[in-house]
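Source: prediction; values computed, not measured.
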Amino acid sequence: MLSTPAHAQPQRQLLYIGDGEACHIVPAHQEIAAWHANSDATLFDDLLRDDPLILLLADLPSLLDTAREHTADQHRALVVTVREA
């Protein structure tokens, strides 16, 4: 089950780099972020919004059906965006 962390901002400072559109997970921390997103609803939502491809590294079968569905929807949207470009 996903939960909300007590220290979201320090975690964000450790995982993310850059500002605005350039904000992304530090490449060396992508697997850690994906692993932690399984138990952290805030991080999961942030990754889903900012960089859903990282969630391909997560343990998707362990997520709730709705979380898996949202992840699949985001990945489909990325495919459509790439095809249109």
Side-chain angles (χ1 to χ4, degrees):
M1 179 180 291
L2 299 177
S3 63
T4 302
H7 306 289
Q9 190 58 30
Q11 173 181 270
R12 188 166 179 81
Q13 291 173 343
L14 289 170
L15 295 175
Y16 282 85
I17 191 168
D19 294 317
E21 299 245 345
C23 185
H24 62 280
I25 297 287
V26 176
H29 297 168
Q30 289 178 348
E31 289 185 41
I32 294 166
W35 169 77
H36 194 54
N38 281 341
S39 61
D40 183 330
T42 301
L43 179 59
F44 180 86
D45 291 339
D46 288 347
L47 289 175
L48 195 58
R49 181 191 63 239
D50 299 332
D51 197 351
L53 291 179
I54 290 176
L55 292 173
L56 291 175
L57 301 169
D59 184 16
L60 295 176
S62 72
L63 297 175
L64 298 172
D65 291 342
T66 55
R68 285 196 311 270
E69 182 179 345
H70 291 304
T71 304
D73 290 343
Q74 283 294 93
H75 290 145
R76 278 192 286 275
L78 281 175
V79 169
V80 169
T81 301
V82 169
R83 285 185 179 172
E84 291 176 351

Rounded to the nearest 0.5 Å, the CG atom of D50 sits from the CG atom of D45 at a distance of 10.5 Å
Same hydrophobic cluster for L60 and I54, using side-chain heavy-atom links shorter than 4.5 Å among ILVMFWY?
yes
Audit row: L55, L63, side chain to side chain contact (heavy atoms under 4.5 Å, CB included) steps and yes/no
CA-CA 11 Å; L55 292 173; L63 297 175; over 6 Å; no
Shortest non-hydrogen contact between R68 and P61, atoms and distance:
NH1-O, 3.4 Å
When you compare the side chain of L56 with that of H75, does any pair of heavy atoms fall below 4.5 Å?
yes
Measure the spacing between CD of Q74 and CG of L48 and express it to the nearest 0.5 Å.
4.5 Å
Which heavy atom in A58 sits nearest to a heavy atom in N38, and how many Å separate them?
CB-OD1, 3.7 Å
When rounded to the nearest 0.5 angstrom, what is the spacing between NE2 in H70 and CG in D65?
11.0 Å
Heavy-atom pair with the smallest gap, counting every atom of A33 and L43
O-CD2, 3.5 Å
Between T42 and D46, is any pair of side-chain heavy atoms under 4.5 Å apart?
yes
Can you measure from CG (L15) to NE2 (H24) and round to the nearest 0.5 angstrom?
12.0 Å
Flag, side chain of H29 to backbone of L14, donor-acceptor distance under 3.5 Å:
yes
Taking the side chain as every heavy atom from C-beta outward, state whether Y16 and I25 have any atom pair closer than 4.5 Å.
yes
Scan side-chain atoms only and decide if D40 and Q11 contain a donor-acceptor pair under the 3.5 Å cut-off.
yes
